[in-house]
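Okay, structure first, notes after.
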Amino acid sequence: LHDALPIFHFYKRVEMPEASLPVEASIRPKKKKPSRPLKIVSVAHDIDSKARTEDVLTSETRDKDFSALMLSDPVLKGLRGSGFVRPSPIQLAAIPNGKIGLDMIVQSKSGTGKTCVYVVTALEMIKSELPGLQVLVIAPTREIALQGVEVASQIGSSLPEVKISTFIGGMPLSEDRVKAQHCHMAVGTPGRLKQVLDEGILNADTVRLVIMDEADKLLEPSFIADTTHILNALPQNKQVLALSATYPAQLADLAEKFMRSPQHIRPGKESQVLHGTAQFVMELEASLSKPKQNQIKQNGLLKILSSVPYNQCLVFSNFQVIAQSSADFLNSRGFPSIFISAGQDQTRRIQAIQTFKTFKCRILCSTDLTARGIDAENVNLVINLDVPEDHNTYLHRIGRGGRYGSNSIAISLAPQGKELTRLKKIVTQTDSVIKVLPAILPKDIRQEDLPLLAGLSLEELEQRKANIVKEKKIKVSDTNDE
């Protein structure tokens with residue numbers, strides 16, 4: 001009877017704490033309690049707390065600390081205070097080039113320390129005695145922008161005179177006007193940055209460094225117009241950094257148009273998959289009925305969460321409604337969960353991220369809103385409830401686990417047919433090793449000798465491309481007829 005009833009009858013709400021917004025918020029009167037020192041959550045991973053892979057700890061970096069990079073004392077103090085001990089390979093290779101003013105394209109796997117690269121570069125070049133905006137950081141999502149400010153504020157804690165602010169959609173423009181009056185480093189999303197620049201709220205004349213975080217995403221059709229508009233509005237004489245976990249052809253085009261002889265820094269470019277991430281697929285029965293297919297996937301999701309040990313888990317889906325219904329379903333089955341999607345207002349999105357990152361909830365159901373940039377140290381299980389549409393999104397999703405060289409498990413639920421074929425295509429495009437899970441899950445799936453999922457052949461890939469082009473032409477023809 002329990003299984004037959006609608007899942008929302010068993011919904012159990014997970015309360016989320018009030019969000020700490022990036023602007024001044026009203027303070028509610030509370031009863032006085034004995035004061036305790038505030039605990040600051042470190043933005044750095046404790047490199048000695050667990051085994052780390054060669055993605056972040058190599059023979060070259062093992063015996064070095066950040067003082068080897070000839071950084072200023074305030075930045076070094078901020079790094080140590082934030083928990084940064086030894087530079088990762090990408091930090092060791094990129095920071096010196098950024099510090100001397102070179103344009104750079106920085107490509108490194110997810111979770112290897114790219115945010116620290118641009119934050120240190122920015123803090124080293126800002127002259128706090130000079131008024132005006134000096135550094136502009138463009139990020140594709142509000143969550144990535146907020147996280148960038150959090151990292152910059154902690155590493156720059158010994159530079160109190162340096163003013164760092166966010167400029168993102170979903171927040172009142174009146175607050176941006178106040179913040180813009182005293183801002184050395186602005187971090188924001190393309191739409192809001194374009195607006196504040198066009199309306200003269202932010203003056204771009206003094207910008208000396210522009211940073212494109214998740215540059216590959218910023219060059220996609222949904223962002224490219226705003227991104228190029230912002231870049232064209234900035235002074236010609238400036239330093240440009242583009243950071244990304246993947247390296248699409250558009251980055252090379254960007255280099256030719258907006259950069260001057262850029263340095264291409266790409267450690268580990270031979271493989272884009274994190275060494276510590278073990279990948280698996282749970283093959284499922286296919287159904288033409290969407291409700292039935294969702295039920296099959298939900299049963300697979302329950303099986304995984306009941307069998308695979310984890311600290312925190314991210315469950316990705318391709319649609320907002322599936323993300324929310326998945327959280328409702330898991331709550332009804334005794335797995336406290338929260339969800340996040342672009343359909344929520346900004347306050348709820350901030351609350352969801354804070355609840356998850358502070359370990360107050362173990363399961364976050366999400367769309368691809370959190371597939372990039374979000375750093376939650378305790379995530380060691382990533383589940384693709386839906387196979388993503390492209391291989392870059394797949395790499396970003398599974399990169400939410402295994403942060404900073406730790407171990408993680410990524411499992412994709414793939415019904416026979418289109419989704420399984422799509423995953424086979426991803427195998428070929430990324431050289432991923434994906435093991436096929438048996439019907440009864442073993443106790444330790446990492447150690448099991450399991451069959452591998454075969455990728456598509458080059459001929460099959462070409463045929464698939466041809467079919468996609470054909471389908472697009474048919475759709476265009478149908479639209480013209482209408």
Within the side chain of [X], is there an N or O that forms a donor-acceptor pair under 3.5 Å with the backbone of [Y]?
{"X": "Thr227", "Y": "Ile224", "value": "no"}
{"X": "Arg422", "Y": "Pro388", "value": "yes"}
{"X": "Thr228", "Y": "Ala225", "value": "yes"}
{"X": "Lys114", "Y": "Ser108", "value": "yes"}
{"X": "Ser82", "Y": "Phe84", "value": "no"}
{"X": "Asn380", "Y": "Asn311", "value": "yes"}
{"X": "Thr347", "Y": "Asp345", "value": "no"}
{"X": "Thr166", "Y": "Leu146", "value": "no"}
{"X": "Ser287", "Y": "Ser289", "value": "yes"}
{"X": "Arg397", "Y": "Ala371", "value": "no"}

Please tabulate, one pair per line, all N/O donor-acceptor pairs under 3.5 Å involving side-chain atoms of residues 436-445, not counting sequence neighbours.
from   : atom 1 : to     : atom 2 : distance (Å)
Asp444 : OD1    : Arg446 : N      : 3.3

Which heavy atom of [X] sits nearest to which heavy atom of [Y], and what is that distance?
{"X": "Thr277", "Y": "Ala410", "value": "CG2-CB, 4.1 Å"}
{"X": "Ile90", "Y": "Pro267", "value": "CD1-CD, 3.4 Å"}
{"X": "Gln312", "Y": "Cys361", "value": "NE2-O, 2.8 Å"}
{"X": "Ile338", "Y": "Ala352", "value": "CD1-O, 3.5 Å"}
{"X": "Pro190", "Y": "Ala139", "value": "CD-O, 3.2 Å"}
{"X": "Ser110", "Y": "Arg400", "value": "OG-NH2, 3.4 Å"}

Flag side-chain contact, heavy atom, 4.5 Å: [X] against [Y]:
{"X": "Ile230", "Y": "Val210", "answer": "no"}
{"X": "Val120", "Y": "Gln91", "answer": "no"}
{"X": "Cys116", "Y": "Ile155", "answer": "yes"}
{"X": "Tyr394", "Y": "Leu423", "answer": "yes"}
{"X": "Val106", "Y": "Leu241", "answer": "no"}
{"X": "Lys425", "Y": "His391", "answer": "no"}
{"X": "Leu314", "Y": "Phe356", "answer": "yes"}
{"X": "Leu330", "Y": "Cys365", "answer": "yes"}

Would you give the length of the straight line joining atom [atom1] of [X] to atom [atom2] of [Y], rounded to the nearest 0.5 angstrom?
{"X": "Ile105", "Y": "His264", "atom1": "CD1", "atom2": "NE2", "answer": "3.5 Å"}
{"X": "Met185", "Y": "Ile211", "atom1": "CE", "atom2": "CD1", "answer": "5.5 Å"}
{"X": "Arg333", "Y": "Leu302", "atom1": "CZ", "atom2": "CG", "answer": "6.5 Å"}
{"X": "Asp213", "Y": "Leu218", "atom1": "CG", "atom2": "CG", "answer": "8.0 Å"}
{"X": "Asn294", "Y": "Leu385", "atom1": "CG", "atom2": "CG", "answer": "7.5 Å"}
{"X": "Ile95", "Y": "Leu69", "atom1": "CD1", "atom2": "CG", "answer": "5.5 Å"}

Taking only residues two or more places apart in sequence or in another chain, which ones pass salt bridge (Lys or Arg N to Asp or Glu O under 4.0 Å) with [X]?
{"X": "Arg142", "value": "none"}
{"X": "Asp216", "value": "Arg372"}
{"X": "Glu448", "value": "none"}
{"X": "Glu285", "value": "none"}

Subject >> Chi angles and distances behind the side-chain contact (heavy atoms from CB on, under 4.5 Å) call for Leu231, Lys257 >> reply: CA-CA 10 Å; Leu231 292 173; Lys257 189 171 183 181; over 6 Å; no
**OP:** Take Leu420 and Leu453 through the test side-chain contact (heavy atoms from CB on, under 4.5 Å) and record every step on the way to the result.
**Re:** CA-CA 10 Å; Leu420 187 58; Leu453 181 68; 4.1 Å; yes
Subject >> Test log, rule side-chain contact (heavy atoms from CB on, under 4.5 Å), inputs Gln195 and Phe167 >> reply: CA-CA 10 Å; Gln195 181 181 10; Phe167 295 84; over 6 Å; no
**OP:** Could you tell me which residues satisfy side-chain hydrogen bond (donor to acceptor under 3.5 Å, both in side chains) with Asp386, sequence neighbours excluded, listed by chain and number?
**Re:** Lys297
Original post:
Between Phe66 and Arg80, is there a cation-pi geometry (under 6.0 Å to ring centre, at most 45° from the normal)?
Top reply: no
Original post:
Is any side-chain N of the basic residue among Lys357 and Glu150 closer than 4.0 Å to the acidic one's carboxylate O?
Top reply: yes
Subject >> Among Leu305, Ile304, Val382, the one residue meeting side-chain contact (heavy atoms from CB on, under 4.5 Å) with Tyr310 >> reply: Leu305
Original post:
Are Phe316 and Thr370 close enough, and set up right, to give a side-chain contact (heavy atoms from CB on, under 4.5 Å), and what steps lead you there?
Top reply: CA-CA 9 Å; Phe316 284 108; Thr370 59; 3.4 Å; yes
